[in-house]
Protein chains: 2
Amino acid sequence: MANVKSEPAPRPSPAELLAILEDHGYRPTNQRRDVVSLLESKEVGFTVEELTEELIEVGRATVYRTVKLLLDAGVLCKVTLADGTPKYIVARREHHHHTVCVRCDTVGEFRSSTVERVLRTIGADIPGTIVGHRMEIFLICESCSDTINYFR
Amino acid sequence: MANVKSEPAPRPSPAELLAILEDHGYRPTNQRRDVVSLLESKEVGFTVEELTEELIEVGRATVYRTVKLLLDAGVLCKVTLADGTPKYIVARREHHHHTVCVRCDTVGEFRSSTVERVLRTIGADIPGTIVGHRMEIFLICESCSDTINYFR
DNA sequence: CTCATTGCAAATGGTTTGCATTGGG
DNA sequence: CCCAATGCAAACCATTTGCAATGAG
């Protein structure tokens, strides 16, 4: 218990996301507005392809460009599933890690001060200057284990 | 200190790698022999493209197929660099994590019983059944920080 | 003789880019 | 008016696949 926070934290609103882009010097165009608005409905991790399908009015390249801007701004995270395919999620926290369900690919977010502390400790034993880390926990989520799957 | 082992452990020899493939029911063909032999000279993490360039006598598809067999057999690991590009390394240990130098992309290996213990503890606080994890530590390795780089 | 393995080239998935066009500030 | 931003299609990178040819047991 404690030390692990996996409760959903408040997510930035579309307006806030747009403001973040403006802070980085990018214009709040209609296309960018459309992309960040759509993000509001994305809860579990999505692909860029999904975005482009729902945003027929925005060119694929623009969607990718906007996703990249948001990635650079730190408001989106790219998560690599166990099989290597990429998904994106809207970040709720500054620094965090991801959980990925190996059955349904749902991506979650958690942070643990214990992990951070341990990593700092470990750092002392690893040659070089540590500048960051990444961690994913693979699991079978509750709704997947609740579902008795007769076909597996 | 202690608890973190980052010293190079003995690596499987080409003959051992080939034997592992045979154990999995795959024939020790000349192409596979060539691939595993080349692995012996690979210390810091390599791309499949590098392998194909040095193995002009082996078809690209065969190199990829062999890499996949070795990946499945657990003797190769795929590591995703900070920028998303994939590299491969020959695994020295059963379960371990990777360090990646953000300057030179050199991939290292380490394991830490502390990390494993902490992850088990955290598991109790995360909903679902944990089936695995992945972790990368990004750093600036010693030779990169030793090198004063006038061009950065 | 047969089936695993190979090589080629084409297809794939995810993403980026060149370039001419558009549209806010 | 100008430059940031866009859309399109082509390029790109890592990887996979279909299929006919090969080759080892």
Side-chain angles (χ1 to χ4, degrees), chain A residues 17-39 42 45-73 76-89 100 105 107, chain B residues 17-39 42 45-73 76-89 100 105 107:
Chain A
L17 295 181
L18 215 53
I20 291 171
L21 289 184
E22 290 202 65
D23 289 346
H24 285 249
Y26 303 113
R27 290 196 203 152
T29 65
N30 287 328
Q31 289 87 332
R32 287 173 183 162
R33 224 178 281 275
D34 289 349
V35 172
V36 298
S37 298
L38 182 55
L39 293 183
K42 296 295 174 188
F46 50 88
T47 61
V48 181
E49 210 49 38
E50 265 172 68
L51 299 184
T52 61
E53 280 165 22
E54 297 183 53
L55 293 169
I56 19 102
E57 74 277 13
V58 183
R60 152 191 262 74
T62 300
V63 175
Y64 272 100
R65 283 190 273 240
T66 305
V67 165
K68 175 165 260 199
L69 294 180
L70 294 168
L71 233 27
D72 291 346
L76 279 190
C77 292
K78 186 174 186 170
V79 184
T80 305
L81 303 190
D83 72 353
T85 59
K87 281 213 170 185
Y88 297 82
I89 70 168
V100 184
D105 291 344
V107 177
Chain B
L17 295 181
L18 215 53
I20 291 171
L21 290 185
E22 290 201 65
D23 288 346
H24 286 249
Y26 304 113
R27 290 197 203 151
T29 65
N30 287 328
Q31 288 89 331
R32 288 173 183 161
R33 225 177 281 275
D34 288 349
V35 172
V36 297
S37 297
L38 182 56
L39 293 184
K42 295 296 172 187
F46 51 87
T47 61
V48 180
E49 209 49 38
E50 266 173 66
L51 299 183
T52 61
E53 279 166 22
E54 297 182 53
L55 292 169
I56 18 103
E57 74 276 14
V58 183
R60 154 192 260 71
T62 301
V63 175
Y64 272 99
R65 283 190 272 240
T66 305
V67 165
K68 175 165 262 200
L69 294 181
L70 293 167
L71 232 27
D72 292 345
L76 279 189
C77 292
K78 186 174 185 170
V79 184
T80 306
L81 303 189
D83 72 353
T85 59
K87 281 213 170 185
Y88 297 82
I89 71 167
V100 184
D105 290 345
V107 176

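Below, chains carry the letters A, B, ... as their sequence lines are ordered, and counting in each starts from 1. This one's a predicted model, so the numbers in the text were calculated from it and none came from an experiment.
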**Request:** Send over the distance from A:L55 CG to D:dG7 P, rounded to a whole Å.
**Result:** 10 Å

**Prompt:** Hey, does B:K87 reach any base, or is it just sugar-phosphate, or nothing, if we go heavy atoms under 4.0 Å?
**Reply:** nothing

**Side-chain N or O of A:R60 closer than 4.0 Å to phosphate OP1/OP2 of D:dC8** = no

**Request:** Let me know the distance between CG of B:L69 and P of C:dT6, rounded to the nearest Å.
**Result:** 9 Å

**Prompt:** OP1 or OP2 of D:dA4 less than 4.0 angstrom from a side-chain nitrogen or oxygen of A:T29, does that happen here?
**Reply:** no

**Prompt:** Do the side-chain N or O atoms of A:Y88 get closer than 4.0 angstrom to the phosphate oxygens (OP1, OP2) of C:dT15?
**Reply:** yes

**5' priority, DNA chain D, between B:T47 and A:G25 [closest heavy atom]** = A:G25

**Prompt:** Closest to the B:A61 side chain: D:dA5, C:dT5, D:dT17?
**Reply:** D:dT17

**Prompt:** Rounded to the nearest 0.5 Å, what separation is found between the CD atom of B:E53 and the CZ atom of B:R60?
**Reply:** 8.5 Å

**Message:** Quick check on D:dG7: is either OP1 or OP2 less than 4.0 Å from any side-chain nitrogen or oxygen of A:Q31?
**Reply:** yes

**Asked** When the distance from CG of A:D72 to P of C:dT16 is rounded to whole Å, what number comes out?
**Response** 10 Å

**Prompt:** Do A:V67 and A:F46 have side-chain heavy atoms sitting under 4.5 Å apart?
**Reply:** no

**Request:** Whole angstrom is fine here: how far is it from CG in A:L70 over to P in D:dA5?
**Result:** 13 Å

**Message:** Between A:V107 and A:Y88, is there a side-chain heavy-atom distance shorter than 4.5 Å?
**Reply:** no

**Prompt:** With respect to the phosphate group of C:dT6, does any side-chain polar atom (N or O) of B:R32 fall under 4.0 Å of OP1 or OP2?
**Reply:** yes

**Message:** Taking the nucleotide of DNA chain D with the nearest heavy atom to each, does B:R65 or B:N30 sit closer to the 5' end?
**Reply:** B:R65

**Asked** So, is B:K68 close to the D:dT16 phosphate, meaning a side-chain N or O under 4.0 Å from OP1 or OP2?
**Response** yes

**Message:** Please report the distance, rounded to the nearest Å, between CD in B:E50 and P in D:dC13.
**Reply:** 15 Å

**Prompt:** To the nearest angstrom, how far is B:L71 atom CG from D:dT16 atom C1'?
**Reply:** 14 Å

**Request:** Specify the separation, in whole Å, of atom CG of B:D34 and atom P of C:dG7.
**Result:** 9 Å

**Asked** Does any non-hydrogen side-chain atom of B:V35 lie less than 4.5 Å from one of B:Q31?
**Response** no

**Prompt:** Within the distance-only criterion (no hydrogens, no angle test), does the side chain of B:S37 pair as donor or acceptor with the backbone N or O of B:R33 below 3.5 angstrom?
**Reply:** yes

**Prompt:** Quick one: is A:Y64 getting a side-chain N or O under 4.0 Å of the C:dT15 phosphate, OP1 or OP2?
**Reply:** yes

**Asked** How long is the line joining OH of A:Y26 and P of D:dA4, in whole Å?
**Response** 11 Å

**Asked** Is B:K78 near enough to D:dT15 that one of its side-chain N or O atoms lies under 4.0 angstrom from OP1 or OP2?
**Response** yes

